[in-house]
Amino acid sequence: MSEDHELGATEAELIKARRAKLDALRSSGRDPFALTRFDRSHEARDLHEKFGALQPGEHASGTLVRAAGRMGTVRAMGKKAVFSDVSDQSGRIQIYFRADALGDEFRLVDTLDRGDLVGVEGEPFVTKTGELTIAVKAFTVLAKSLRQLPEKWHGLTDHETRYRQRYVDLIVNRPVLETMLLRSKLIAATRHYLDERGFVEVETPVLLSIAGGANARPFVTHSNALDISLQLRIATELNLKRCIVGGIEKVYELGRIFRNEGIDRTHNPEFTMLELYQAYGDVNTMMDLSEDWIVHLAGVARVRGEHTFAGETFQLERPFARIAYLDAMAKWGGLERADILDEQRARAVAQRLKLSLEAGAGHAHVIDKIFEAVVEPQLLNPTFVTDFPLVLSPLAKRRRDDAELVERFELFIAHMEIVNAFSELNDPDDQRTRFEAQAAQRARGDQEAPEPDWDYVHALEYGMPPTGGLGSGIDRLVMLLSGESSVRDVLLFPLQRPE
RNA sequence: GCGUCGUUAGCUCAAUGGUAGAGCAGCAGACUCUUAAUCUGUUGGUUGUGGGUUCAAGUCCCUCACGACGCACCA
């Protein structure tokens, strides 16, 4: 040990110091990396539930528990008493090493560092300051941590390092782990919710020759076997409706979608989308289901009543507000029907509102921009915006009383679009006409206009029952319910440019 | 893609163009109920990359890389 004082604090030297401790463990016959298992009696959370009621100073005499996890700060009181703690997935429990309880073992406490994975066996008690603690009778190093964790107080804050080395972020920033666990819970709860209601989960291809069902630029790749270029899916919509045609009456897919577009606080190139379709249902079926499902998920996330997101507080309570698309434009923008549905007048409105539009922007794009500027800022509490213009909705069924509008809604919460749903267009002739319009747009050089999937029309020609369908971006839902305002903070490994 | 800001010790951050510092961590020592433990001592630097200006550059100028934020595109 006399050489240790020569160890400095470069990264290499910090690692060397830890390797020296690893060597010490090995030479005492306790190679941590040779161990294969450690049987725990409790996770940290269980211990708090079971022994949390002990009084300060009280011991659960004769009770031995076994816990394991990553060591936190080491608080040594001289050479004879050391406090630390271990964290596992469920939480944290303090541990206490005493020379008189450990005997010869106690000298090995010197080989422990913050960050090591350790297993301990001991007796639960509550300290005089009131913290549940395990009085360690025996301990084992289960993996030696050779690298130093970031500082305990400020932790790791550098975004780049947090995303690139998420494992470190998860270790030292507990709320990150909690958010990721919440994400998993919400996804599992969604599957359970749908399965219970008779929906069937299917898996449709990610690799397609034509990625359709949405307006977005796809990623392009190549099949060596077929020697053709392929696109990664931008939606699951068309294949799921093929399933409806085929007779899978309540169908969903909860999976990854890829869009080759911008990256920012609310967009990652790959994201998780729920799409579901219900034969013999319509837009109203979807509205009821959305409201029930979202409120259910809020319950899973323990979000009830008032909830704050990005500095604004809203009410997450049933029933959600409803307003028709054109009514919303009238209410908050003073705009008439023709200001929206007539292309020239819509362009004039956009100009008056000083909206920046791309050169080749179509009617749909202009309307969308107006909506974004006029209506979205008003939509804080959950609100269904219904009866969308046809021109925005190439896959939705027309209203019977108004051929320029469709049976569609979007659910907005905290200004974010959370659900998009409609009565699915099942008239093959109408669908063909709308695809032809898109093809014409595309021929005029509009890169945004999707390439028509003619086989989808072919499928509709066999007859698709009247169907309600919805899509929902799961990442944004997780953002909303976790309070994270960046999509990167609800993804374990957000896309980063290689270093 | 455009704009703004950032990149200094393992981590979090300082440093008028004039000898690169602190806190934490690490290492050594004191302390048998600490919890940002405390106290004493101490180690640790290619200041993101490559150029330029200058007697002298972490600092000024240019290039590039990566990131955060905003805009554009999208969900």
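Just so it is clear: chains get the letters A, B, ... in the order the sequence lines come, proteins before strands, and each one is counted from 1.
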- [ ] Taking only the side-chain nitrogens and oxygens of A/Thr133, find out if one of them lies under 4.0 Å from OP1 or OP2 of B/C33.
- [x] no
| task | Considering only atom P, compute the distance from B/A75 to B/U16 and round it to an integer number of Å. | result | 48 Å
Assign each of A/Thr161 and A/Ala76 the nucleotide of RNA chain B bearing its closest heavy atom; nearer the 5' end lies the nucleotide of A/Thr161
Mate of B/C60 across any strand shown (Watson-Crick or G-U wobble, both atom pairs under 3.5 Å) is B/G52
| Would you call A/His159 and A/Arg164 a side-chain contact if the rule is heavy atoms closer than 4.5 Å? | no
#### Entry: Distance test, side-chain N/O of A/Arg98 to OP1/OP2 of B/U32, below 4.0 Å
no
task: Examine B/C69: is either OP1 or OP2 under 4.0 Å from a nitrogen or oxygen in the side chain of A/Arg265? Give yes or no.
output: no
* Side-chain N or O of A/Lys152 less than 4.0 angstrom from OP1 or OP2 on B/G23? -> no
B/A68 OP1/OP2 closer than 4.0 Å to side-chain N/O of A/Arg488: yes
Exercise for the section: Using the P atom as the reference point in each nucleotide, state the distance between B/C55 and B/C5 in Å, no decimals. Expected result: 29 Å
**OP:** Please determine if a side-chain N or O atom of A/Lys16 lies less than 4.0 Å away from the OP1 or OP2 oxygen of B/G10.
**Re:** no
- Are any of A/Thr157's side-chain N or O atoms less than 4.0 Å away from OP1 or OP2 of B/U12? yes
Notebook entry, point to check: Less than 4.5 Å apart, any side-chain heavy atom of A/Val385 and any of A/Phe412?
Noted result: yes
Check whether any side-chain nitrogen or oxygen of A/His365 sits under 4.0 Å from OP1 or OP2 of B/C73, and answer yes or no.
yes
In plain terms, say whether A/Asp489 and A/Arg162 are close enough for a salt bridge, that is, a side-chain N and a carboxylate O under 4.0 Å apart. yes
In short, A/His363 meets A/Arg347 closest at the heavy-atom pair N-NH2, 4.2 Å
*Is there ring stacking between A/Phe83 and B/A37, where the centres must be under 5.5 angstrom apart and the planes under 30 degrees?*
no
